[in-house]
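Single-structure report; data block below.
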Amino acid sequence: MIPEVISPRSRKDFFSGRSNGCVNLVRYIAGTRNEPGARAIRIGVIDFLVVALALVFPWSTTATTGLALLICIMIAITYGAQEMINGLRRPACALPLLLLGLASVGTFWAHGVPWPERLHAFGKVSKFICFLPLFVHFQNTSRAGLVFAAYLLSNLVLLALSFLVFLSADITSVVGAKAPGVPLKNYLDQSQAFAFIAIVLVSLAAEAVRRQQRPQASSLAALSAAFFANLAFVNIARTAFIYLPVMLALVTVRYVRGWYSLAVLAAICVLAVGAWEMSPNLQFKMVRLMGEVDAFQTNTMFVNGVETGGAERLEFWRKSIGFIRSAPVLGHGTGSTKQLFAAEAAGQTGIEAKVVDNPHNQTLAVAIQWGMLGCVVLYGMWGAHLLLFQEGLSGRKGTLLAWIGLIAVAQNVLSSLLNSHLFDFYQGWLYLFVVAIVGGQLQAKRRCTEDSQS
């Protein structure tokens, strides 16, 4: 039996001997909850795993899921039940779990839906079980900056590979890129990550200017410009046309005051127009939008050989409103979306015959399955997270951590107008990681400030 607290002398004897030293070390770390040394080691191991997760997240869904599960297990071993319960007292932590609980209970009123489809839909929400553990852990560590550095480094490698794939047909064939300049996953995931990083780097550059660190500011601005260049000239998700202008406006509100803010916004508009004039990528994306409204009216699936994603969305939303009207309070249950679309598509042609399990709008995706009750939880969660980071807009008084969290929430809310990004793998995990890690770190800093003032 391992004692709960091991004295320094007995700890030395406990680990002595080559044969059993490693085994006893593992037993010591895993089995002594109240031993300060063991807890510190476990916290360090969790930090290492989170940094590793930040490195692999842009590259592998399997590794991301496996590491996230391992991290949650380690956090459960490290922190007591009381610490978790204290975390639940915050709406920012309780509401993601409430959404997960609603998805779990909702499987029981999804009448006529096969259980594999119910469980598949629940799996899209199950990631939120990691929110509270990560939030609690980052109240007890100070490694958020290292985690972001690892994520930035990983995306810089991906950025370089994206340019190579875009410029070289040989490399494109080797990596099997499915879209121009997108070596991994899809352009939606890549755009979400690159846009978020570009905005954060702009903010870091502005902070460096405030501290009169001009070389550092220039380097950060150059990195941000590289990510923006990739979005403008290589590949970009059209959803970015909605969230990027708002994110840039928020940057202006935070860092520029008075008439200067109007000048900055005017400069951004000029740069955007210039990029559009020089970028076939942006022009192609915009021209497609014009033709897709007509495609919706004519029930056409392709325009010039390209799928009409915008027209499909309009059709999905039209049908979704009808589904919600038939079960407005509790919805049709978890996993019911695909069956509802299949019933509506029977005997139809064109985009009306499309069967999906995702209406490409977060509010509709929630309302179809869990009705207005689900929407209350969803908007309550977004609101709680916005309140958690509200000081991010307060200029010099607002902390950079709060600002990064605010940008992540704003991007997710806006991108979810055209997608169900909380339920998508990459965008959902990105939101969860940023809000939980930054939120926990922010609470730790606030606690230190309060302790120093008391």
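Here the structure is a predicted model, which means the values were calculated and not measured.
Between the side chain of W317 and the backbone N or O of P359, at least one donor-acceptor pair lies under 3.5 Å. The backbone N or O of E352 sits less than 3.5 Å from a side-chain atom of K319, completing a donor-acceptor pair. At distances below 3.5 Å, not a single donor-acceptor pair connects side-chain atoms of N230 with backbone N or O atoms of A226. For the pair Q369 (side chain) and A365 (backbone), a donor-acceptor distance under 3.5 Å is present. In this structure, T334 contributes its side chain and A103 its backbone to a donor-acceptor pair below 3.5 Å. Judged purely by atom type and a 3.5 angstrom limit, T107 uses its side chain to pair as donor or acceptor with the backbone of S104. Under the 3.5 Å distance criterion, the side-chain polar atoms of Q190 are matched with a main-chain donor or acceptor of G181. For E83 (side chain) and G80 (main-chain N/O), a donor-acceptor pair under 3.5 Å exists by modelled atom type. At least one donor-acceptor pair closer than 3.5 Å links the side chain of K127 to the backbone N or O of K124.
Counted by atom type alone, H385 and Y431 present one or more donor-acceptor pairs between their side chains at under 3.5 Å. Under 3.5 Å, the side chains of W382 and N412 contain a donor-acceptor pair of N or O atoms. Between the side chains of W59 and S154, a donor-acceptor pair is found at a separation under 3.5 Å. Of the N and O atoms on the side chains of Y379 and T363, at least one donor lies less than 3.5 Å from an acceptor on the other residue. Side-chain contact of N361 with S416: a donor-acceptor pair under 3.5 Å is absent, judged by distance alone. Q82 and N86 form a side-chain donor-acceptor contact under 3.5 Å, judged by distance and modelled atom types alone. Counting only N and O atoms by type, the side chains of H332 and S326 include a donor and acceptor under 3.5 Å apart. Counting only N and O atoms by type, the side chains of S420 and N358 include a donor and acceptor under 3.5 Å apart. Q443 and R90 form a side-chain donor-acceptor contact under 3.5 Å, judged by distance and modelled atom types alone.
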Report the C-alpha distance between M84 and L132 in whole Å, list the side-chain angles of each, state the deciding distance to 0.1 Å, and finish with yes or no for side chain to side chain contact (heavy atoms under 4.5 Å, CB included). CA-CA 7 Å; M84 294 294 175; L132 177 62; 4.1 Å; yes
Between T337 and D357, is the side chain to side chain donor-acceptor pair (under 3.5 Å) condition met? List the steps. CA-CA 5 Å; T337 306; D357 62 354; over 6 Å; no
Quick one, F341 with F316, criterion ring-ring contact (aromatic ring centres under 6.0 Å, His included). Give me CA distance, side-chain angles, the key distance, then yes/no. CA-CA 8 Å; F341 273 100; F316 298 158; 5.8 Å; yes
For V438 and F389, run side chain to side chain contact (heavy atoms under 4.5 Å, CB included): C-alpha distance rounded to whole Å, both residues' side-chain angles, the deciding distance at 0.1 Å, then the answer. CA-CA 9 Å; V438 172; F389 305 123; 3.9 Å; yes
Derivation and outcome, salt bridge (Lys or Arg N to Asp or Glu O under 4.0 Å), residues E391 and K445: CA-CA 13 Å; E391 65 188 74; K445 288 186 176 295; over 6 Å; no
Worked check of side chain to side chain donor-acceptor pair (under 3.5 Å) between D189 and Q427: CA-CA 7 Å; D189 298 350; Q427 290 86 351; 2.9 Å; yes
Applying side chain to side chain contact (heavy atoms under 4.5 Å, CB included) to L134 and L432, what does each step give before you reach the verdict? CA-CA 9 Å; L134 283 170; L432 186 153; 3.7 Å; yes
Let me see the working for K354 and E312 under salt bridge (Lys or Arg N to Asp or Glu O under 4.0 Å), right down to the final yes or no. CA-CA 8 Å; K354 195 105 175 182; E312 290 175 357; 3.2 Å; yes
Show your working on side chain to side chain contact (heavy atoms under 4.5 Å, CB included) between I404 and F196 and close with a plain yes or no. CA-CA 9 Å; I404 293 173; F196 173 71; 4.0 Å; yes
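Here the shortest heavy-atom pairing between C72 and C130 reads SG-SG, 3.0 Å. Nearest heavy atoms, A367 versus C375: CB-SG, 3.6 Å. Looking at every heavy atom in both residues, L97 comes nearest to I129 through CD2-CA, 4.1 Å.
For the pair S336 and F323, the minimum side-chain heavy-atom distance is 4.5 Å or more. Within the 4.5 Å cutoff, the side chain of S203 has no heavy atoms near those of the R254 side chain. A heavy-atom distance below 4.5 Å is not found between the side chains of R238 and L418. For the pair I199 and L244, the minimum side-chain heavy-atom distance is below 4.5 Å.
Tested against P58 for a side chain to side chain contact (heavy atoms under 4.5 Å, CB included), the candidates L159, L184, L158 yield a single pass: L158.
If you take CD1 on I43 and OH on Y79, they are separated by 4.0 Å, rounding to the nearest 0.5 Å.
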